[in-house]
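Chain letters run A, B, ... following the sequence lines, proteins first and then strands; every chain starts at 1.
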Amino acid sequence: MIKYSENTQSFFQDVYEVVRLIPKGRVTTYGAIAEYLGSRGSSRMVGWAMNVSHGQHPPVPAQRVVNRNGLLTGRHHFETPDAMQHQLEKEGVTVKNNQVQYFDSVFWNPSGELF
DNA sequence: TTCCTGACTCCAG
DNA sequence: CCTGGAGCCAGGA
């Protein structure tokens, strides 16, 4: 029986590092992170990583990770349903109706290819 | 062990 | 434009 937990932990740690690299006032997507880590199609794992990221140190700014449409799909996993949006707005990101406004402008690609 | 679910995304109809 | 299915893979029952 192979211990996948070690790989998993590394993967999760990598996810956390990338998320912590997201500049304040910018956001990225689950898919972009997964692709950056060489696991294209494993965007759900990035979501799962966020799910268990609570209590991490340093803190993981999970509010900066949204789905490919700029929709705040993970907001229900915060302390309150509005916490995610509130934190983003506090950082200068405009959110309306759970949707990041000017998403193309605030999107940050982990690979640094786009800017 | 098998089966189901999910903070996702892509593709076909 | 909207809906459903498939791929993805770690956990929990």
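- Rounded to whole Å, the P atom of C:dG4 lies 16 Å from the corresponding atom of B:dT5.
- Distance, A:Glu35 CD to C:dC9 P: 14 Å, rounded to whole Å.
- Between the CG atom of A:Leu72 and the CG atom of A:Asn97 there is a distance of 10.5 Å, given to the nearest 0.5 Å.
- The separation between A:Asp82 atom CG and B:dA7 atom C1' is 16 Å, rounded to whole Å.
- Just one residue in the list A:Val65, A:Val52, A:Val19, A:Ile22 forms a side chain to side chain contact (heavy atoms under 4.5 Å, CB included) with A:Val60, and that residue is A:Val19.
- Taking atom CH2 on A:Trp48 and atom C1' on B:dC4, their separation rounds to 12 Å, with Å as the unit.
- When rounded to the nearest whole Å, the span between CE of A:Met45 and P of C:dC8 equals 12 Å.
- Between the A:Gln101 side chain and the A:Gln99 main chain, a donor and an acceptor come within less than 3.5 Å of each other.
- For the pair A:His77 NE2 and B:dG6 P, the computed distance is 9 Å after rounding to whole Å.
- As rounded to whole Å, 12 Å separates atom C1' of B:dA7 from atom CZ of A:Phe12.
- For the residue pair A:Phe12 and A:Met45, the shortest heavy atom distance occurs at CE1-O, 4.2 Å.
- Annotation: the span from A:Phe107 atom CZ to A:Arg68 atom CZ amounts to 12.0 Å, rounded to 0.5 Å.
- In this structure, NE2 of A:His54 is placed 9 Å from C1' of B:dA7, rounded to the nearest angstrom.
- Contact between A:Ala49 and A:Tyr16 at its shortest, heavy atoms only, is O-OH, 3.0 Å.
- Across all strands shown, A:Ala49 has no heavy atoms under 4.0 Å from either base or sugar-phosphate atoms.
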Where along nucleotides 8-13 of chain B does protein come under 4.0 Å, by heavy atom, of base (B) or sugar-phosphate alone (S), with - for untouched nucleotides? BSS---

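- When all heavy atoms of A:Gly74 and A:Met84 are compared, the closest pair comes out as C-SD, 3.9 Å.
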DNA chain C base-pair string [pairs: Watson-Crick or G-U under 3.5 Å; |: paired with another strand]: .||||||.|||||

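- Nearest heavy atoms, A:His54 versus A:His77: NE2-O, 3.6 Å.
- The neighbour count for A:Tyr36 OH, taken as heavy atoms of other residues, nucleotides or ligands under 6.0 Å away, does not exceed 12.
- Remark: the separation of the P atoms in C:dG5 and B:dC4 is 15 Å, to the nearest Å.
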